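Naming convention: chains lettered A, B, ... in sequence-line order (proteins, then strands); numbering from 1 in each chain. The model shown is predicted, which means the values in this text are computed figures rather than measured ones.
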Amino acid sequence: MDNVVVLMEGITKSFPGVQALSEGYFELRSGEVHALLGENGAGKSTLMKVLTGIYPKDSGRILYKGQAVEIPTPKAAQDLGISIIHQELNLMPHLTVAQNIFIGREPRSGLRFVLDEQQINEQTRQLFDMMHLQLDPRDKVGDLTVAKQQMVEIAKALSFNSEVLIMDEPTAPLTETEIEDLFRIIRQLREKGVAIVYISHRLEEIKQIADRVTVMRDGRYINTVGTRDVTIQQIISMMVGRTIYETAPEVPETADHETVLEVKHLNRGRSIKDVSFELKRGEILGVAGLMGAGRTEVARAIFGADPIDSGEIIVAGKKAPIKSPQDAVKHGIGYLSEDRKRFGAALGLDVETNIALSAFQKFLRFLGWVDSGKTRTTADHFVKALAIKTPSVRQKVRNLSGGNQQKVIIGKWLTANTDILIFDEPTRGIDVGAKSEIYKLLNELSSQGKSIIMISSELPEILRMSHRVLVMCEGRVTGELPIAEATQERIMHLATQRESYL
Amino acid sequence: GATSATSDSGGGASQGSAAGAGTTGSQQAGGQPYVAIISKGFQHQFWQAVRQGAEKAAQEMNVRITYEGPESEAQVDKQIEMLQTALGNKPNAICFAALDSQAATPLLEQAKAANIPVIGFDSGVESDIPVTTAATDNIAAAGAAADKMAELIGGSGEIALVVHDQTSRTGIDRRDGFVNRIKEKHPNIQIVDIQYGGGDQLKSTDLAKAIMQSRPNLKGFFGANEGSAIGVLNAVKEMGKENQITVIGYDSGKQQIDAVKSGVEAGAITQDPIGIGYKCVESAVKAIKGEQLPKTIDTGYHYYDKTNIDSADIKPLLYE
Amino acid sequence: MAVSVAPRGTLVRNDALQRVLAFGALIVLFVVFSLASPNFLQFNNIVGILLATAVNGVLALGVTFVIITGGIDLSIGTVMTLAAVVTGVVITRWNLPVPLGVLVGLLAGAAAGLVNGLIIAKLKIPPFIATLGMLNVAKGLALVISGLTPIYFNNAPAFNTIAMGSVTGAIIPGFNIPNAVLLFFLAAIIASLILTKTVLGRYTFALGSNEEAARLSGVNVNAWKIAVYTLTGLFSGLAGVIIASRLNSAQPALGQGYELDAIAAAVIGGTSLSGGEGSILGTVIGAFIISTLTNGLRILSVPQEWQTVVTGAIVVVAVYLDIVRRRRG
Amino acid sequence: MAVSVAPRGTLVRNDALQRVLAFGALIVLFVVFSLASPNFLQFNNIVGILLATAVNGVLALGVTFVIITGGIDLSIGTVMTLAAVVTGVVITRWNLPVPLGVLVGLLAGAAAGLVNGLIIAKLKIPPFIATLGMLNVAKGLALVISGLTPIYFNNAPAFNTIAMGSVTGAIIPGFNIPNAVLLFFLAAIIASLILTKTVLGRYTFALGSNEEAARLSGVNVNAWKIAVYTLTGLFSGLAGVIIASRLNSAQPALGQGYELDAIAAAVIGGTSLSGGEGSILGTVIGAFIISTLTNGLRILSVPQEWQTVVTGAIVVVAVYLDIVRRRRG
Ligand SMILES: Nc1ncnc2c1ncn2[C@@H]1O[C@H](COP(=O)(O)OP(=O)(O)OP(=O)(O)O)[C@@H](O)[C@H]1O
Ligand SMILES: Nc1ncnc2c1ncn2[C@@H]1O[C@H](COP(=O)(O)OP(=O)(O)OP(=O)(O)O)[C@@H](O)[C@H]1O
Ligand SMILES: [Mg+2]
Ligand SMILES: [Mg+2]
């Protein structure tokens, strides 16, 4: 085909102890949205990093518009017309939104080395107008929520007007409305003939947006198919090499269980307003809401990560003065952050230490001596139980794929064995296989009598997992639905009850 | 015996001390004259002894003094700033031990313009502004140490120096005074190594050991200030060569005094730090009163050893 | 558009307030010392403080850049000395004109900075170690080149006026602000323009904020890092010229220890050692806080050992106040 | 289980290889100096090197902990001096028994570290500044407490044997390794056990790797940070006891500048200044590299100014070799 823009053949890439890519193959045509799928650690991000000059390939070749090219640096990729939104945010928190977007190619004024700040802001504003994005170009990126930051990343990638645009899980931190905006933009770009690589673990999105699908497994190329020609089930079995059976969820009756956690009139600044709710033993309480609804803030406040202005937290019927995460853990509360890179894992440490981090007191002998045999077996246990893909428990977490990092953090809280678990976006960036494992795990935990608060921006996930749904909007609880009454429409209705409408 | 060397004191008459102009207007509260003393250091024993003498004089003569100095003898600019600040406090006189005379000249001129008499001490201030200078001739003193060393090791053999500083005036003068005297008068003696320990006892110890290690035939060691001498003494003790190496030190302090008494250290040059401090304030008071002063006051130096350490001549010159 | 104007307004007001507050510690010091001693608040003493700030201030300006990149430069003090010695050699031993000597001195500083930058960017040596190495190398070279003796600028009387002449005094008789002070302010203005208006400034912040993100955005991270260290070296070179001119001599043995004062000035002024944050105005204030403190304690004749204690404590307090101020802001 | 045994095996082999390679720079130095001077490789000189390493080595052990947490401690040198002075006061002025004096000295070090930790953890002052403040405060206090004079341990002859006696010599006649060296090795072993085997060690790494993640894991980050700085202070206290014992006197004026050598030792040994990485073995090797270099250059009578240059360059080279080694490993 002569409208092939990128052709990658026989790409191999290994890291110490890991063969990330062996015989990677990828073909991208102009004017298509091409989904790249695979389980966590399949090598998707690595393949795209090779294409964008971040990792040098060990062998193989890359053709760009039929020409063999070497792409040694990110700049070289940009110059060819390839831009990428990375799976991890890559922003400079101290700089403004506009400064981030134009970093490396700032408009200059008069003298060649003097910046034209006005121009930078103006061009950013135009870009945001086109994206229907409400954001001041002069805001500091560090002050934005993860979701807004992701939108900045997207804006930045768009601003290159590239011919090839790679999006590595762009929607992971986004909510429905933003995803719709993004899809609208993607369709416009496709019209203009831009070739788009789309990586996501949200398979229902693939059906909506992608034209073709390439599936990878264990660093290998498996197949490329037209999206219309396959079912999601077929894609999944290509990804995992086996068939996944989904059992219909059973919702246990928990209404008469005792209350393990009660939150009363919680307030914190403008982001938490009079939040009250209860959590029963053995219950999975889904918390839904749009970006910035305040769910993360509530979770952090309960967990003692941020101070509260007023309100009470009652654990097992007793008032719990939680002032720090340490207090929370003592009261049997665990919290899995939505931002695993910043708040979740100690990336420089090994799997074993990360898994033991919340519960070292369980591994202590005398004088603070750590029983390392015990930490090892515990870590080994969870590596196996959660199917964490790692060469050993001594591997640094940094070297694991995103999904596997997430599993390590889950392992940490399972080790701490707290009765109440707050999972903030637990399956963000996690592949279907792992996702169903995590779902299974959540169900198991709840049937063991653990109580779970599951914050999620994916409504299907909320609907599938929750026993009860709490909906938030602008820092307030706008409604509570038993799962039997919860539908996407009703949740969205509650999630958009802005104060201004009331 | 003691090698006492007191050179001609009272060279020329000073060219007048600004006729007591400093006393007007800037007299401090209670009519007590104020003398600012800027020395070359403050943490080290020698400078504390100078201070002691200055304080003694201040008390006797009813003047107020302040005493400060930079942390190391390399900090020429810090000393200049101290001098500048001192001028801001409008003293009636300044005692100044210049780390670098030339660098201080503009400020000394300022002092002169403000009719504040300046008294030099410790080492000479190369300028005609100071009305007098109470100083030790370090070159001659180190030369005397060299002669003593030659005598004690029998006029030939290998010796080494541990000096506190390779760029400061005192470091250079003592090193050169010693080295030149050996070269001139004792050609059979070989100076095999000169190292610098910053006056830090620990570093001086380790480097003196390294010198002894590399020069197994070493017969003598000169430590050019208190810290260096103590370093050498420690090294000799640690290497177990107490009876093989002749150590000559500089200044005093308890450790050197003990070592001299016990014979580990053959002897040392002492200046008269307390006397320097005393004379300096005394001269300042005279200058304030408009009295004539000799251009230089040689505070002298003495070699002391086991035999004379407790003598009436030496004892007052030593500090513990 | 209209929406974004409003917050902008409050931002400016906040900034203005912040700036006044940043002077807080400095003003407190001034008030306290003025009350404590009549000799403090006098033209000559203020000039003395300004002059005492100049060298440390220029060093602090330079080190502010590397600190904002998230790096550090421990070699600034001895590189300053090296530059002073080189200037001395050129002017007095080679008998070349003063401006040429100054230029070569500045270049020597920049060259040392360049080497720092190359070692850090290319060999990936942590800045702390690379510049610790340079601290020693520059110290040694200054001694070697000078031949272990101070170099006096007796053959070039003009040299001394670089720092100690007074352009203002020539214009307004009696208003004798030494040129060293004016040079410091000029350097601060240039540094501020570089930091806020130019590409180099932008990348200085970008490197400190998230170097990897800058790299992935196609910024030639290495080249800019080298440029920043070179600039810092250039400022050290300027400090070298000023100190040599002020002392009318190049003193080969001083310099070590100056880096800590300069870094303290930058950090007291709100520059974050973890990178990404900082301002030239802050650094200037920080430098003044240090020299005012030193001067005031001396004017009060506080015993020197207690001066040390008080200085140590006040540095911590000043930074604490800055942190509290910004937390509130 | 079987799966994890295999990689474990290779891991161990890699580790072993790494360890040998880490000695690389040290071995090279030994070979070079041995060839250059017959006086280098002799029992006495090796003991001299060991002894010269002891003080800096103990300081380096302590600072390794704070560096691994991503912090720094600039006050170790002057806190050492403060501890030495306090020990001196207790033993000689108050005439209390030697062990008590030693204990109080250790506690003084720990107390200074505790204050550092409190200021850093509670007031959120950057470690660089907090400990820079402590550097000055401890320096001043050492002068104040000592009354600006050295304190001699003449009334307690036993005190000198703490560092300069030889337990090994008592056991194996002639094998006179001074106790200071043994204390250093003992301290290294204890430090290594703390770092690798205890919960404090784990948290030391966790703080350096991702402090926020540790906090959100329920770790009492502040408490552990304070504990780490206190531990570092304790090591400084031990260094103070050793140096006082070796010099048989507490010298109130030394100490500043020692921090840079200690930090250099840790970093040469592979401890990362950005935190999360480091080992005691590495620090020990790093400390030996520095003292071997100093000793060798002195033995060769290299002029001091060139010693400085060479030391500066070799520190950079040693770290570079370490980086290359680990990149390969
Ligand atoms: N810098 C690195 N060092 C070592 N191993 C790495 C590195 N980056 C990736 N890997 C490994 O390479 C493999 C592929 O990782 P990659 O990030 O490409 O997976 P992915 O398909 O993007 O997974 P995910 O869906 O979880 O993002 C994984 O096993 C991962 O652990
Ligand atoms: N940069 C900011 N400036 C002002 N307010 C902010 C900022 N970031 C977050 N907030 C406040 O925090 C609130 C809650 O944000 P939070 O991240 O907790 O929401 P969330 O429901 O968890 O959404 P997300 O899906 O983004 O995690 C927002 O309503 C907003 O008011
Ligand atoms: Mg990925
Ligand atoms: Mg959230």
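For B:Q84, the part sitting under 4.5 Å from any heavy atom of chain C is the side chain, from C-beta outward, and nothing else. Both the backbone and the side chain of C:E305 come within contact range of chain B, judged by heavy atoms closer than 4.5 Å. Residue B:T66 touches chain C through its side chain alone, counting heavy-atom pairs closer than 4.5 Å.
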Original post:
Given the rule in the side chain to side chain donor-acceptor pair (under 3.5 Å) test, do B:D100 and C:Q251 qualify, once you have shown the distances and angles that lead to the verdict?
Top reply: CA-CA 9 Å; B:D100 187 304; C:Q251 299 284 344; 2.5 Å; yes
**OP:** May I have the step-by-step check of side-chain contact (heavy atoms from CB on, under 4.5 Å) for C:S301 and B:R64, ending in yes or no?
**Re:** CA-CA 11 Å; C:S301 304; B:R64 187 171 78 84; 4.2 Å; yes
Original post:
Between C:Y258 and B:K78, is a side-chain contact (heavy atoms from CB on, under 4.5 Å) present by the stated rule, with each step listed?
Top reply: CA-CA 11 Å; C:Y258 286 51; B:K78 296 270 154 80; 4.0 Å; yes
Original post:
For C:I299 and B:T85, what are the C-alpha separation, side-chain angles and deciding distance, and is it a side-chain contact (heavy atoms from CB on, under 4.5 Å)?
Top reply: CA-CA 7 Å; C:I299 288 271; B:T85 313; 3.7 Å; yes
**OP:** Assess whether side-chain contact (heavy atoms from CB on, under 4.5 Å) is satisfied between B:N89 and C:F40, documenting all intermediate values.
**Re:** CA-CA 8 Å; B:N89 260 343; C:F40 180 77; over 6 Å; no
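Among all heavy-atom pairs drawn from C:N39 and B:G88, the shortest one is CB-O, 3.5 Å. Closest approach of B:A74 to C:A253, counting heavy atoms only: CB-O, 3.4 Å.
Contact count versus chain B (heavy atoms, under 4.5 Å) is highest, among C:I243, C:T308, C:N154, C:I49, for C:N154. Heavy-atom pairs under 4.5 Å with chain B were tallied for C:A52, C:P303, C:G48; the largest tally goes to C:A52.
Counting only heavy atoms from C-beta outward, the side chains of B:T105 and C:N248 never approach each other to under 4.5 Å. At a threshold of 4.5 Å between non-hydrogen side-chain atoms, the residues C:Q304 and B:Q43 do not count as touching. Within the 4.5 Å cutoff, side-chain heavy atoms of C:L143 are placed close to those of B:T167.
The CG atom of B:D77 sits 7.5 Å away from atom CZ of C:R246, with the distance rounded to the nearest 0.5 Å. A distance of 7.5 Å separates CG of C:L148 from CD1 of B:I172, quoted to the nearest 0.5 Å. Rounding to the nearest 0.5 Å places CD of B:Q79 at 11.5 Å from CG of C:L254. Within the model, atoms CE of B:M82 and CZ of C:R298 stand 4.0 Å from one another, a figure rounded to the nearest 0.5 Å.
Within a 6.0 Å sphere centred on CD of B:E60, other residues, nucleotides and ligands contribute more than 12 heavy atoms.
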